Amino acid sequence: MSRKPIIAGNWKMNLLQSEAKALFEGIKSFTKDFTAQQLPTIVIAPVFTSLSAVSSEGCDCGCGCDKISIAGQNCHWEKSGAYTGEISVEMLADAGCSYVIIGHSERRQYFSETDEMINKKAKAILAGGLIPIICCGETLEQREAGVTDQHIATQIRAALNGLSEEEVAKSVIAYEPIWAIGTGKTCDSQEANRVIAMIRNVVKEVSSASAGDSIRILYGGSVKPSTIEEQMSQSDIDGALVGGASLKAESFNEIIANTMKVSV
Ligand code: PGA
């Protein structure tokens, strides 16, 4: 089963509009030499205030717009209303997004997001014609207590609850061990692959074998140009969700180039 790899950059709460545009230009200077078929699916997730600036750059340039997709870093499940500080799926689409990251551990940890909220978001994103990138992952305490698989399976079952097979098949999951995020400590590639294969089996069980074969499951947590080749050589790792190394065109482009050496 061949699944097109995804390299997604999560810019988190970084970069002003001018900086976001400059980084976007830096990525386009790499992608312009390739067709969309030669490249992995490239996704970038800027802060909300830079979405329009970046997506309009893409449309104006005539070269990179179909090669770099834009993602929101979060959304609300309601369409509109009295939800101060929130943003809807339709608003993200209007600003040029085709993906939305949901359930990132930083949102679960600092903003008390629950599995139930993440499920509502996934449904709203798919109903709005966008693709959710559903994050999951264990803490160091959970890993040391030997409950990693159980914890992640619970997160995945809850996130996918009530989705059709077709919706599951087009969704994206990112396995991000919390202890590996922003620490410089990547999860061993074989272990990341083992957990991702376990996630794929959970998807097959709650949805269908073909949805499990189609869904793309990424690894995230201190991904760097030097780690990506080994990660992408694993049977079940379909790409990466990159934080720190996505904030510089040089390192993000190198991650894309190294991905192209082993897959695409
Ligand atoms: P990192 O972040 O690459 O800086 O570890 C990954 C993420 O949080 O998505």
Side-chain angles (χ1 to χ4, degrees), residues 5-15 19-20 23 26-27 40-48 50-51 68-75 92 97 99-113 118 121-122 125 131-140 142-143 148 151-152 155-156 159 171-189 191-193 195-196 199 216-232 234 237-259:
I6 301 184
I7 299 297
N10 176 9
W11 294 359
K12 306 192 181 184
M13 197 173 76
N14 293 295
L15 310 177
E19 295 165 324
L23 176 51
I27 301 168
T41 300
I42 300 169
V43 181
I44 52 167
V47 295
F48 296 143
S50 292
L51 289 174
I68 307 173
S69 300
I70 317 286
Q73 293 180 17
N74 180 31
C75 68
L92 290 175
C97 293
Y99 291 81
V100 191
I101 298 172
I102 52 170
H104 192 282
S105 60
E106 288 151 16
R107 296 221 49 94
R108 293 180 191 255
Q109 187 183 346
Y110 306 134
F111 303 97
S112 308
E113 290 202 1
I118 291 153
K121 291 177 190 210
I125 292 163
I131 298 173
I133 301 177
I134 304 163
C135 302
C136 62
E138 81 286 0
T139 61
L140 188 58
Q142 287 167 327
R143 175 157 284 269
T148 297
H151 173 70
I152 288 164
Q155 288 184 321
I156 296 303
S171 297
V172 177
I173 292 173
Y175 166 57
E176 299 202 301
I178 297 170
W179 48 269
I181 297 177
T183 58
K185 230 198 256 176
T186 35
C187 179
D188 173 75
S189 298
E191 171 58 11
N193 192 55
V195 176
I196 287 177
I199 295 172
R216 288 181 288 177
I217 311 181
L218 319 181
Y219 166 77
S222 298
V223 171
K224 298 180 269 293
S226 59
T227 64
I228 191 73
E229 268 187 73
E230 188 183 291
Q231 289 156 341
M232 292 307 298
Q234 307 296 318
I237 302 182
D238 300 324
L241 182 55
V242 188
S246 73
L247 291 173
K248 293 255 172 348
E250 199 185 25
S251 46
F252 192 61
N253 292 345
E254 209 180 328
I255 288 173
I256 299 168
N258 290 348
T259 297

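The figures here come from the full heavy-atom set of this structure, side chains too, leaving out hydrogens, waters and symmetry mates. Here the structure is a predicted model, which is why all the values come from computation and not from measurement. Residue indices begin at 1 and follow the sequence shown. Remember, it's 1-based here, ligands and their atoms both numbered in the order they're listed.
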Can you list the atoms of ligand 1 that are under 4.0 Å from a heavy atom of [X]?
X: Gly182; value: 1 (P), 4 (O), 5 (O)
X: Gly244; value: 1 (P), 3 (O), 4 (O)
X: Asn10; value: 9 (O)
X: Lys12; value: 2 (O), 7 (C), 8 (O)
X: Gly221; value: 5 (O)
X: Ala180; value: 5 (O)

Inter-residue atom distance Cys75.SG - Phe48.CZ, 0.5 Å rounding = 8.0 Å
Look up atom CG in Asn74 and atom CZ in Phe111, then write down how far apart they are to the nearest 0.5 Å.
->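 That separation rounds to 9.0 Å.
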Is His104 close to ligand 1, meaning an N/O of one under 3.5 Å from an N/O of the other?
-> yes
Are any of the N or O atoms of Val242 closer than 3.5 Å to those of ligand 1?
-> no
Side-chain contact test, heavy atoms from C-beta onward, threshold under 4.5 Å: evaluate it for [X] versus [Y] and give yes or no.
X: Leu23; Y: Trp11; answer: yes
X: Tyr175; Y: Leu241; answer: no
X: Ile68; Y: Ile27; answer: yes
X: Leu247; Y: Leu15; answer: yes

Using heavy atoms and a 4.0 Å limit, tell me yes or no: is [X] in contact with ligand 1?
X: Ser222; result: yes
X: Ser246; result: no
X: Ala245; result: no

Apply the test salt bridge (charged side-chain N to carboxylate O under 4.0 Å, His left out) to residues Glu113 and Arg107: give CA-CA distance (whole Å), side-chain angles for both, the deciding distance (0.1 Å), then the verdict.
-> CA-CA 6 Å; Glu113 290 202 1; Arg107 296 221 49 94; 2.8 Å; yes
Pick from Lys185, Lys224, Glu176: the one approaching atom 7 (C) of ligand 1 most closely through a non-hydrogen atom = Glu176
Can any side-chain N or O of Gln73 pair as donor or acceptor with the backbone N or O of Ala45 at less than 3.5 Å?
-> yes
Can any side-chain N or O of Tyr219 pair as donor or acceptor with the backbone N or O of Thr186 at less than 3.5 Å?
-> no
For atom 3 (O) of ligand 1, closest protein heavy-atom neighbour =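 The closest one turns out to be Gly243 N, 2.8 Å.
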